[in-house]
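These notes are about the structure you will find just below.
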Amino acid sequence: MEPATWPDGPGVVQLPSGRRVRGRPFGRTPGDDDRPDLGIYLAGRDPGPQPWDHRWIPWRDFWLPADRGACVEVLRDALGRSGSIRVEVACRGGRGRTGAALGIMAILDGVDPGEAQGWVRRHYDRRAIETPWQRRWLRRMEVGDD
């Protein structure tokens, strides 16, 4: 039987609570044994149908999500579900938007907003969270944000 959450592997991040989420670039398509149960896709355009449950967050490359409150709610829901299913977060390159989304999830899971960028860079990708406005959004994030 397949594990309910991610085993160790590329892009898998263990959050402070022990929940695991995978970040990846769109270009690296999962194999049959590596498929998510829920994908959160950060893109300027709808990524179209997927063979698993997914949510699209409208988010242009190098910018912030079109609706930050809605983005936080989708990520909050995904974080809650990540304790029992495989959740992945992906954007085109797998660094900027994906890193920022993982940072929001880390904050929602207890990481201090001022430490979120460093936390994501240590645990996911040393170049994650690419723009000043993405970094500023994380620093100013409050758990109660909608």
Q: Report the relative orientation of the aromatic rings in Y41 and H54; use parallel for angles under 30°, tilted for 30 to 60°, perpendicular for over 60°.
A: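 The arrangement is tilted - the two ring planes meet at 30° to 60°.
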
Q. Is W56 reachable from L75 through a run of I, L, V, M, F, W or Y residues, each pair having side-chain heavy atoms under 4.5 Å apart?
A.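 No; W56 is not reachable from L75 via cluster members.
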
Q: Quick one: do R97 and V89 satisfy side chain to side chain contact (heavy atoms under 4.5 Å, CB included)? Show the steps, please.
A: CA-CA 9 Å; R97 292 169 286 183; V89 178; over 6 Å; no

Using a 3.5 Å distance criterion without hydrogens, assess whether the side chain of [X] forms a donor-acceptor pair with backbone atoms of [Y].
{"X": "R22", "Y": "D34", "value": "yes"}
{"X": "R20", "Y": "T5", "value": "no"}
{"X": "R19", "Y": "G80", "value": "yes"}
{"X": "D37", "Y": "R86", "value": "yes"}
{"X": "W119", "Y": "G103", "value": "no"}

Of all heavy-atom pairs between [X] and [Y], which one has the smallest distance, and what is that distance?
{"X": "R35", "Y": "P51", "value": "NH2-CB, 3.1 Å"}
{"X": "G39", "Y": "W52", "value": "N-CD1, 4.0 Å"}
{"X": "R55", "Y": "R81", "value": "NH2-NH1, 3.6 Å"}
{"X": "E88", "Y": "W6", "value": "CB-CZ2, 4.3 Å"}
{"X": "A78", "Y": "V87", "value": "O-CG2, 3.7 Å"}

Q | Residue pair V111, H123: steps toward the side chain to side chain contact (heavy atoms under 4.5 Å, CB included) verdict | A | CA-CA 12 Å; V111 171; H123 296 276; over 6 Å; no

Quick one: [atom1] on [X] to [atom2] on [Y], what's the gap to the nearest 0.5 Å?
{"X": "I129", "Y": "I104", "atom1": "CD1", "atom2": "CD1", "value": "8.5 Å"}
{"X": "R95", "Y": "R127", "atom1": "CZ", "atom2": "CZ", "value": "3.5 Å"}
{"X": "T98", "Y": "F26", "atom1": "OG1", "atom2": "CZ", "value": "7.5 Å"}
{"X": "M105", "Y": "L15", "atom1": "CE", "atom2": "CG", "value": "6.5 Å"}
{"X": "I85", "Y": "L38", "atom1": "CD1", "atom2": "CG", "value": "5.0 Å"}
{"X": "I40", "Y": "L79", "atom1": "CD1", "atom2": "CG", "value": "11.0 Å"}

Can you tell if the side chain of [X] reaches within under 4.5 Å of the side chain of [Y], non-hydrogen atoms only?
{"X": "W59", "Y": "C91", "answer": "no"}
{"X": "D125", "Y": "V120", "answer": "no"}
{"X": "Q134", "Y": "Q117", "answer": "no"}

Q. Crowded around R92 CZ? As in, over 12 foreign heavy atoms under 6.0 Å?
A.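 No - once you tally the heavy atoms of other residues, nucleotides and ligands closer than 6.0 Å, there are 12 at most.
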
Q: Hey, could you give me each pair passing salt bridge (Lys or Arg N to Asp or Glu O under 4.0 Å) that has a residue in residues 99-122? Not counting sequence neighbours.
A: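 Of all non-adjacent pairs touching residues 99-122, none passes salt bridge (Lys or Arg N to Asp or Glu O under 4.0 Å).
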
Q) Only one of D61, I57, V74 clears side chain to side chain contact (heavy atoms under 4.5 Å, CB included) with L42; which? A)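 It is I57; the other options fail the test.
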
Q: Only counting residues at least two apart or in another chain, list the ones meeting ring pair (Phe, Tyr, Trp, His ring centres under 6.0 Å) with W63.
A: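 W63 satisfies ring pair (Phe, Tyr, Trp, His ring centres under 6.0 Å) with W133 once adjacent residues are dropped.
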
